[in-house]
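Here's the structure, in C-alpha cells; my notes come after.
Labels below follow one simple rule: chain letters A, B, ... track the order of the sequence lines, proteins then strands, and each chain is numbered from 1.
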Amino acid sequence: MTDPAGNVEYRVAHLRDRLAAEELGELGVRVEVHGQTVVITGTVPSAQCRDILLRTAREELAELAVHSDVVVAENTSPDHAEELP
Amino acid sequence: MIRVAAVGDIHMGAESQGLLRPAFDTLPDCADLLLLAGDLTRHGTPEEARVVAREVQGLAVPVVAVLGNHDHHDDQPEKVTGILQDADVTVLEREATVLNCAGTRVGVAGTKGFGGGFVGRSAGEFGEPLMKEFVRYSRHCADGLREALEELRDRDCEARIALTHFSPVADTLAGEPLEIYPFLGTYLLAEAIDTGGADLAVHGHAHMGTEHGMTAGGVRVRNVAQPVIRRAFNVYQLHTADEGAARV
C-alpha cells in the first residue's frame, strides 16, 4: 500500500487548506501538478503575501520542485475608461 | 454620462495600508463614484476593516460597497459594515441607495450574493437540510437584489447599477475551473437583475475569470476582481437613459 502522506495530490490539497486557513486567507491561487513539478499561479495583494505563500509551499511540498508564477496585484490607476453606450 | 469606478477583491491586510490610496486619490479626475465589489479584507476582522476604512476615508467621490465571503470569515460582518460606514462608505446588503452624481441620479442596488451555479448545472433546493439552506440563502440574496432594483425603478434614477460579490453569469468566470463555477455565482442573481432592471452589473470573486459578460436579458456584466482588471480600479462610462432618448 502507498503511504497517502507521500501522495503529491494530497500534499497539494493540504497546501491549499493551509493557504486558506492560515494568515493569508488565500483561496485565489491555483496549485497544479505538472509532471514532476508543482506550479502555483495567481495574483496576491502584496509582496509580503507572495513571500509567505512561497514559504508555506516550500514547507508543505518539501523535496518537490515548485514553480511560481504568482504575481503581486497592480495598484495603478487606469489609463482609459470603457465606454458603455 | 456617469463615470463608474469599480474594484473588488482588494484583500487588504495590515501591510496593505497606503497601497491603493495614491490611485484612489486620482478618482475625482476620472470617476463620479467608486464601487467596491466585496472581499475587501482577508479574514473579515475589525483590524483589516479599519485598514480598508482608512484607505477610502475622505475620498472626493462617494463610495458604495458590498461585502464578500472573506469579509464574513471572522463571523463579524456587522462590525466590518459598521467600521466601513464610519468611514462614510455606504454598505449594501439587499438594499439600494441613490447618489446624486454631478446632477444625475444614480441608483445602486447591492448584495453579497452566493453560489449555486448556472442554469442546467445548478444546485437545487432538495435533500439534506444543509443543501436546502444553501440554495435558500442564495435565493434570499437574489430576491433582495431584485427588490432593491425595483425600488430604484420607482425612485426616478437615470442609471441603475447592480453590485454583487458573487457572479450573476458564467461568462465572467471563463478562466476558472468549470468544477468550481457553482461556488462562484448563481443564475439567480442574473434573473434578479433582468427582472428588476439595471444598466450595468458589477461583481468580483472570480480572480481567474474574465472582465466582460452579459445576462440573458442583455444587461452588461463586469468582473472587477483586482486580479482580473490588473489595476487599482476600472472606469465604465455609462450613458444615462436621458442621453439615450436624446440620441434616438
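- For the residue pair A:Pro78 and B:Arg231, the shortest heavy atom distance occurs at CB-CD, 3.3 Å.
- With chain A as the partner, the residue from B:Ala206, B:Pro177, B:Pro22, B:Ser16 showing the most heavy-atom pairs under 4.5 Å is B:Pro177.
- In the displayed structure, B:Phe134 atom CZ is contacted under 6.0 Å by more than 12 heavy atoms of other residues, nucleotides or ligands.
- Within residues 54-63 of chain A, no residue has any heavy atom less than 4.5 Å from a heavy atom of chain B.
- When all heavy atoms of B:Glu15 and A:Cys49 are compared, the closest pair comes out as OE2-SG, 3.5 Å.
- Of all non-hydrogen atoms in A:Thr41 and B:Met208, the two that sit nearest each other are O-CE, 3.6 Å.
- Heavy atoms closer than 4.5 Å to chain B are found in the side chain of A:Gln48, but not in its backbone.
- The two residues B:Ala23 and A:Asn75 make their nearest non-hydrogen contact at CB-O, 3.4 Å.
- In this structure, chain A has a heavy atom under 4.5 Å from the side chain of B:His43, while its backbone stays farther away.
- Among the candidates B:Arg220, B:Arg222, B:Gln237, the single residue satisfying the side chain to side chain contact (heavy atoms under 4.5 Å, CB included) test with A:Glu82 is B:Arg222.
- B:Ile10 touches chain A through its backbone: at least one of N, CA, C or O sits under 4.5 Å from a heavy atom, while the side chain does not.
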Item to check | Full working for side chain to side chain contact (heavy atoms under 4.5 Å, CB included) between A:Glu23 and B:Arg42 | outcome: CA-CA 9 Å; A:Glu23 62 189 291; B:Arg42 292 175 197 162; over 6 Å; no
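- With a threshold of 4.5 angstrom between heavy atoms, B:Glu211 approaches chain A through side-chain atoms but not through N, CA, C or O.
- Note that the NE2 atom of B:His70 and the CG atom of A:Leu27 stand 4.5 Å from one another [nearest 0.5 Å].
- In this structure, the portion of A:Val29 lying under 4.5 Å from any heavy atom of chain B is its backbone and not its side chain.
- Contact count versus chain A (heavy atoms, under 4.5 Å) is highest, among B:Leu19, B:Val7, B:Asp9, for B:Leu19.
- B:Arg230 CZ: 12 or fewer foreign heavy atoms inside a 6.0 Å radius.
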